Amino acid sequence: SGMDIGNNHGIDPGVVDFDAVGVWMDGQGLPRGPIERASLVPGGSQNVLIRFTRGGREYVLRRGPAHLRPASNNVIRREMRLLAALAGTDVPHPSFIAGCPDETVLGDAVFYLMEPVDGFGPGLGLPPLQASDPSLRHQMGLEAVSAIAALGRVDYQAVGLGDYGKPEGFLERQVPRWLAELKTYNALPGYPGPQIPGLHDVARWLDANRPAKWFPGIIHGDYHFGNIMFAHDSGRVAAVVDWEMSTIGDPLLDLGWILAMWPGTLDTPQTEPPLGPSLGKAGGLPSRDEVIGRYAAGSTRDTGGVTWYEVLACFKQGIVLEGSHARAFAGLAPKEIGNRLHATTMALFKKANQLIASN
């Protein structure tokens, strides 16, 4: 039975019951046979990734966390819908195979199957080839930007994502939405409130300088090197992963986001930034101007106002990371992690204030 650990490859049957998966796969017309070489794939997110082979084909199964949260299944349903919509576009992404939006198959969790990505994540360190060749790292930086420009070119209505987000008022919503999020942290016991220099100056500047005209498209929502996989033998992007924050909004925010989080550009002397330290240390990445130029070359969007989006990204990501700092005060997250992320929040707001001053 699926409860037999030997038959379940040492993976907790509460996380995935391979008997149930096999029966469901048979119903999808996928190749039959025993499920082999199953293993948990370590990932940055809470969602579970399991790689396995069946009938001569390799798969990666993705589901929500072992302990589902109220929104987990909806996030996974959105992700499978998005990946299916990207098929046939020139956006590098994990190829979608089949999805199970039904919660009754896998003990309350919806899940989907995708092709394994042949590539590495630079957030976990660089392979010898990329570590030794600055021109290859330069290429990686440019290709990461080309991938996000390609995403911004997709006609979201034509690929069936017309109702995937609410673009009306997207930019107007951002500042109030994140200030409201910051306010919720005050409910956490022990949290003294946000001690973030320039917080309200940045919020006021964003409201006063909001772009008047923009064109909706698909946004990834958390675009940085920790969510990009690269080919082993070149600077090519193998796949953009972790689409759980994706929606329909202003794609220039993804450009602002990768600039805000660009390795080596955050002033956090006491700690490494949590994302892609090895790339920043190694150096060789394109400059900010090269990044913007590369995006402009692959886009009809006006990149002249990109500073606004980069400041918004610093503001939003700084507030998100401050949440872990606040939870640490309440004993809900390790103090050390809370302090490290707070240092990154401070660095992001410092960067935002510098961008505003130089704009």
Side-chain angles (χ1 to χ4, degrees), residues 1-89 91-121 159-161 164 218 220 227 229 231-232 237-246:
S1 82
M3 298 310 283
D4 170 42
I5 289 298
N7 191 21
N8 220 55
H9 305 268
I11 295 169
D12 181 347
V15 173
V16 62
D17 171 357
F18 284 113
D19 289 350
V21 171
V23 170
W24 176 81
M25 287 175 74
D26 294 346
Q28 298 292 307
L30 292 164
R32 293 169 180 254
I35 286 176
E36 297 167 325
R37 294 206 296 277
S39 62
L40 282 166
V41 180
S45 90
Q46 298 292 308
N47 293 318
V48 174
L49 285 172
I50 294 168
R51 189 171 180 148
F52 66 92
T53 305
R54 190 186 194 214
R57 185 173 184 182
E58 283 205 78
Y59 299 91
V60 172
L61 179 149
R62 182 154 161 110
R63 56 151 286 171
H67 300 286
L68 288 176
R69 298 168 184 173
S72 298
N73 281 337
N74 192 37
V75 167
I76 298 292
R77 282 193 191 96
R78 281 178 63 83
E79 250 184 38
M80 60 174 102
R81 187 179 164 194
L82 181 99
L83 290 178
L86 289 180
T89 69
V91 179
H93 64 282
S95 297
F96 178 79
I97 298 172
C100 179
D102 175 354
E103 299 179 13
T104 63
V105 174
L106 203 61
D108 296 341
V110 306
F111 66 95
Y112 64 88
L113 301 177
M114 56 184 159
E115 304 275 0
V117 175
D118 184 12
F120 71 92
V159 299
L161 295 177
Y164 190 72
I218 305 168
H220 178 278
N227 284 336
M229 293 182 74
H232 293 286
V237 171
V240 178
V241 298
D242 275 350
W243 292 86
E244 54 203 74
M245 305 298 290
S246 61

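Values in this document were obtained by computation on a predicted structure and should not be read as measured data. Only this structure's heavy atoms are used, side chains among them; waters, hydrogens and symmetry mates stay out.
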State, to 0.1 Å, how close [X] and [Y] come at their nearest heavy-atom pair, and which atoms those are.
{"X": "A238", "Y": "G119", "answer": "CB-CA, 4.3 Å"}
{"X": "T89", "Y": "A85", "answer": "CG2-O, 4.1 Å"}
{"X": "A231", "Y": "F120", "answer": "O-CE2, 3.4 Å"}

Are any of the side-chain heavy atoms of [X] and [Y] separated by less than 4.5 Å?
{"X": "L106", "Y": "V21", "answer": "yes"}
{"X": "L82", "Y": "I218", "answer": "yes"}
{"X": "V16", "Y": "V48", "answer": "no"}
{"X": "P65", "Y": "N47", "answer": "yes"}
{"X": "V240", "Y": "H93", "answer": "no"}
{"X": "E115", "Y": "R57", "answer": "yes"}
{"X": "M25", "Y": "L113", "answer": "yes"}

Starting at [atom1] of [X], measure out to [atom2] of [Y] and round the result to the nearest 0.5 Å.
{"X": "E58", "Y": "I97", "atom1": "CD", "atom2": "CD1", "answer": "10.0 Å"}
{"X": "C100", "Y": "Q28", "atom1": "SG", "atom2": "CD", "answer": "7.5 Å"}
{"X": "L61", "Y": "I11", "atom1": "CG", "atom2": "CD1", "answer": "9.5 Å"}
{"X": "D242", "Y": "L49", "atom1": "CG", "atom2": "CG", "answer": "7.5 Å"}
{"X": "Q46", "Y": "E244", "atom1": "CD", "atom2": "CD", "answer": "9.0 Å"}

Kindly write out the residues that satisfy salt bridge (Lys or Arg N to Asp or Glu O under 4.0 Å) with R78, not counting sequence neighbours, or none if the list is empty.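 Not a single residue meets the salt bridge (Lys or Arg N to Asp or Glu O under 4.0 Å) criterion with R78.
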Please identify each residue that fulfils salt bridge (Lys or Arg N to Asp or Glu O under 4.0 Å) with R69, with sequence neighbours left out.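 Expected list: none.
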Side-chain donor or acceptor of R77 paired with backbone N/O of P101 under 3.5 Å: yes
Check whether R81 reaches the backbone of G160 with its side chain - one donor and one acceptor, N or O, closer than 3.5 Å.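 Yes, R81 side chain to G160 backbone: donor-acceptor pair under 3.5 Å.
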Does the pair R63/D108 count as a salt bridge with the N-to-O cut at 4.0 Å? no
H220: partners by ring pair (Phe, Tyr, Trp, His ring centres under 6.0 Å), with sequence neighbours left out: Y223, W243
With sequence neighbours left out, the residues meeting ring pair (Phe, Tyr, Trp, His ring centres under 6.0 Å) with Y59 are F52
Who pairs with D26 by side-chain contact (heavy atoms from CB on, under 4.5 Å), at least two apart in sequence or on another chain? R32, R54
Test side-chain contact (heavy atoms from CB on, under 4.5 Å) applied to A84 - qualifying residues, sequence neighbours left out: F96
Criterion side chain to side chain contact (heavy atoms under 4.5 Å, CB included) on Y112 and I76, from CA distance to verdict: CA-CA 8 Å; Y112 64 88; I76 298 292; 3.7 Å; yes
Parallel under 30°, tilted from 30 to 60°, perpendicular over 60°: which one fits the rings of W24 and F111? perpendicular
